[in-house]
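In what follows, chains carry the letters A, B, and so on, assigned in the order in which the sequence lines appear, proteins first and then strands, with residues in each chain numbered from 1. Computed from a predicted structure; not experimentally measured.
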Amino acid sequence: MPRANDTVAALLEELADLLAVTGGADSFKIRAYDKAARAIAAYHEDISTLDAAGIGQIPNVGKSMTAKVVEYLDTGAIRTLEELRTRIPPGALKLMEIPGLGPKKAVTLTKELDVASVDELAAAIEAGRLDGLPGFGAKTADNILHGIELLRRNEGRVLIDTATAVAEEIVTALSRVPGCESISIAGSLRRFRDSIGDVDILAAAADSAPLMAAFKALPIASEVIGSGPTKTSIRTRRGLQVDLRVVPIEAWGAALQYFTGSKAHNIRVREIAVHAKLKLSEYGLFDAETGELLVSRTEEEVYERLGLPWIPPTLREDRGEIEAALRRELPPLITEADLRGDLHTHTDLTDGVSPLEKMVAAAIDRGLEYYAVTDHAPNLVMQRMTTEKMLAQRDLVRSLDTGSLTLLHGTELNIDPIGQVDWDGDFLAGFDITVASVHSHFTLPSQEQTQRLIRACENAYVNIIGHPRARMIGRRPPIDADWDAVFEAAAATGTALEVNSFPDRMDLSDDLILRAKRRGVKFAIDTDAHSTRHMRNIRFGIGTAQRGWLTVDDVINAWPLARLRAFVGAKRP
DNA sequence: GGGTTGGTACCCTGAAACGAACGCGTTTC
């Protein structure tokens, strides 16, 4: 089951959205709901284990919020929310999911055009029904259609953390079913793709019936799409399809290999089998002539019989891994255990929700050797950072006794449209390390975007370019730039590029990591954590880095601190 | 609505980009 924290946070967010739509609340009240939702989602304790006093301890959760949380825990619903839902035009919230469409326009559209879904709105615009509607010109119509296209491109796909949570819940539940001999996540989720269309789960049992029955009876299953002895598909309440396949344990390896994919990788592996007069299927590796089963028990056996070492799932995309495997030159991929530090994190001094001490304690729990605090710099005005606050934080960072963990004081700078950052060199020299990121001007022409990133790389005090593509999966496309030119500048100047682990960023993406690595770029795999809860996201960054073939030598925060300091020092005058 | 400060009053991202409309509302970071 999802944590009650996540459920309640979603309800409070919905409340905030509904308040925005009705216009029945001032902006501060709306923001109060948003802030409370974020704080509850990020809170380290499970709220269902807390009493009212405990819930009231959560930052930004006061009397009114506590009452609503308690009401939900007691009754499973929040009356205020239920009432609001009945007063809002149906579909208005759905329309707000379109990037570029806020509460005001969404309400106007539902009322004036009588549309209740994204599809109906698209049809209405195509039919010219927007013409003459005050506040909606030709350009707005275009923008809405473009937003709808963005939304549809990601339709049916979910972020990797959502898919992971669903998959792990199901694996845990089914592994307890009597007769379940083995169970694993397969498919694109096992390969750590950055968005997931459906979840594939493979189990082994002599009799599949109990597993299939348990799967269909899961609380998370809102619809059974199809069901048979080898495969059952369900849909979750949120519309995510989950497929369960059950095979005999003897076929486990062949089946896991087959259902992990990718399709392109499997085609290449099968070609190798055919050339060797073998036949590979989800049931095993067979002699093509006699039909005799050769191996099928483990993935390692299957690959080995084909003359290949076991290939990590994150590499299985037919991007050269077969050739590398044949040459026995698969890269020693970086793992979470290799990371010695995190170089991009926030605290509640800016938009984080956990205080410095809590973040540091969580870093120690992760077993890190060093940890950079990189709160936002002043030019991102909404964060209300000042030079004085930054210096005060530095004093605090320097004064904390953290045992074996070395704290680094850093900042996340803002790259302005021409590539400048918040402070001059004299002040920047006081930081141990800096990240610089694009937070605005996402639609500049490619040439300007390229120049701005190159200029940021050329800054002697910029060590890491944070989330370089600045995309938000499903909400904002990546910025347009000549990436090869950026990679050359990063490599030449000794500037690392970030692999941001946040599930909606996953930035750089695997394809660009591969390209950048070929040009000699170094990387930093960071959480960008705004809460202690976000530390776990590092696994998604690691998965992405593996998909980009990264090894310890490529990743500056997998290096000993002395080597990292030398990397920073080499760039400075 | 939450939080701080002072004991009830006050503050809380602010600004840029964009487009529709010509001074302004909406959306986004």
Parsed dot-bracket for DNA chain B after applying the Watson-Crick and G-U rules with both distances under 3.5 Å and | for other-strand partners is ((((....)))).((((((....))))))

The contact string for nucleotides 22-29 of chain B, one letter per nucleotide 5' to 3', using protein heavy atoms under 4.0 Å with B, S and - for base, sugar-phosphate only and none, comes out as ----SSSB

Each nucleotide of nucleotides 4-9 of chain B classed B (base within 4.0 Å of a protein heavy atom), S (only sugar-phosphate) or -, in 5' to 3' order, makes ------

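Taking atom C1' on both B:dT26 and B:dA20, the two are 11 Å apart, rounded to the nearest angstrom. Comparing the P positions of B:dA16 and B:dA21 gives an interatomic distance of 24 Å, to the nearest angstrom. With both ends at atom P, the span from B:dG7 to B:dG2 equals 22 Å, rounded to whole Å. Comparing the same atom, P, in B:dC29 and in B:dG23 gives a spacing of 30 Å after rounding to whole Å. If you take atom C1' in B:dC12 and the same atom in B:dT5, they sit 14 Å apart, rounded to whole Å. Across B:dG14 and B:dA9, the matching P atoms stand 23 Å from one another, rounded to whole Å. A distance of about 13 Å separates the P atoms of B:dC11 and B:dG6, rounded to the whole Å.
In terms of heavy atoms, A:I525 sits closest to A:S501 at CG2-OG, 4.1 Å. Of all non-hydrogen atoms in A:L444 and A:H441, the two that sit nearest each other are CG-O, 3.8 Å.
In this pair, A:F431 and A:F427 present their aromatic rings perpendicular. The plane angle is above 60°, beyond the 30 to 60° band.
For the pair A:D351 CG and B:dG14 C1', the interatomic distance rounds to 15 Å; values are reported in whole Å. Atom NZ of A:K63 and atom P of B:dG1 are 11 Å apart (whole Å). Residue A:K68 contributes atom NZ, which lies 12 Å from atom C1' of B:dG2 at whole-angstrom precision. Distance NZ (A:K29) to C1' (B:dG3): 17 Å, rounded to an integer number of Å. Taking atom CZ of residue A:R38 and atom P of nucleotide B:dG2, one finds them 16 Å apart after rounding to whole Å. When the P atom of B:dC18 is taken as reference, atom CZ of A:F136 falls 19 Å away, rounded to whole Å. One atom, CG of A:D142, and another, P of B:dC18, lie 15 Å apart when rounded to the nearest Å. Atom CD of A:E13 and atom P of B:dG1 are 18 Å apart (whole Å).
No more than 12 heavy atoms of other residues, nucleotides or ligands lie within 6.0 Å of CZ in A:R475, so this atom counts as exposed by the packing criterion. Residue A:D142 places its CG atom among more than 12 non-hydrogen atoms of other residues, nucleotides or ligands, all under 6.0 Å distant.
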What's the verdict on salt bridge (charged side-chain N to carboxylate O under 4.0 Å, His left out) for A:R152 and A:D119, showing C-alpha distance, side-chain angles and the deciding distance?
CA-CA 10 Å; A:R152 283 184 176 159; A:D119 286 343; 2.7 Å; yes

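Put simply, A:N143 has a side-chain N or O that comes within less than 4.0 Å of OP1 or OP2 on B:dG19. Distances shown here put a side-chain N or O of A:H441 below 4.0 Å from the OP1 or OP2 atom of B:dA17.
In this structure, the separation between CD on A:E412 and CG on A:N414 is 7.0 Å, given to the nearest 0.5 Å.
At a threshold of 4.5 Å between non-hydrogen side-chain atoms, the residues A:D161 and A:F540 count as touching. The closest side-chain heavy-atom distance from A:W483 to A:T450 is not below 4.5 Å.
Nucleic acid contact for A:S27: none, since no nucleic acid atom lies under 4.0 Å from a heavy atom of the residue.
When each of B:dG14, B:dG1, B:dC18 is scored by its nearest atom to the side-chain atoms of A:F28, the top-ranked nucleotide is B:dG1. Looking at the side chain of A:M65, the nearest of the listed nucleotides B:dG1, B:dC18, B:dG14 is B:dG1. With B:dC12, B:dG1, B:dG19 as the choices, the nucleotide that has an atom nearest any side-chain atom of A:R384 turns out to be B:dC12. With B:dG3, B:dA20, B:dG14 as the candidates, the nucleotide lying closest to the side chain of A:V381 is B:dG14.
A side-chain N or O of A:T347 and one of A:D375 form a donor-acceptor pair less than 3.5 Å apart. No donor-acceptor contact under 3.5 angstrom links the side chains of A:R193 and A:S188, judged on distance only. Checked by atom type, the side-chain pair A:N537/A:T527 shows no donor-acceptor distance below 3.5 Å.
In this structure, A:R469 contributes its side chain and A:S509 its backbone to no donor-acceptor pair below 3.5 Å.
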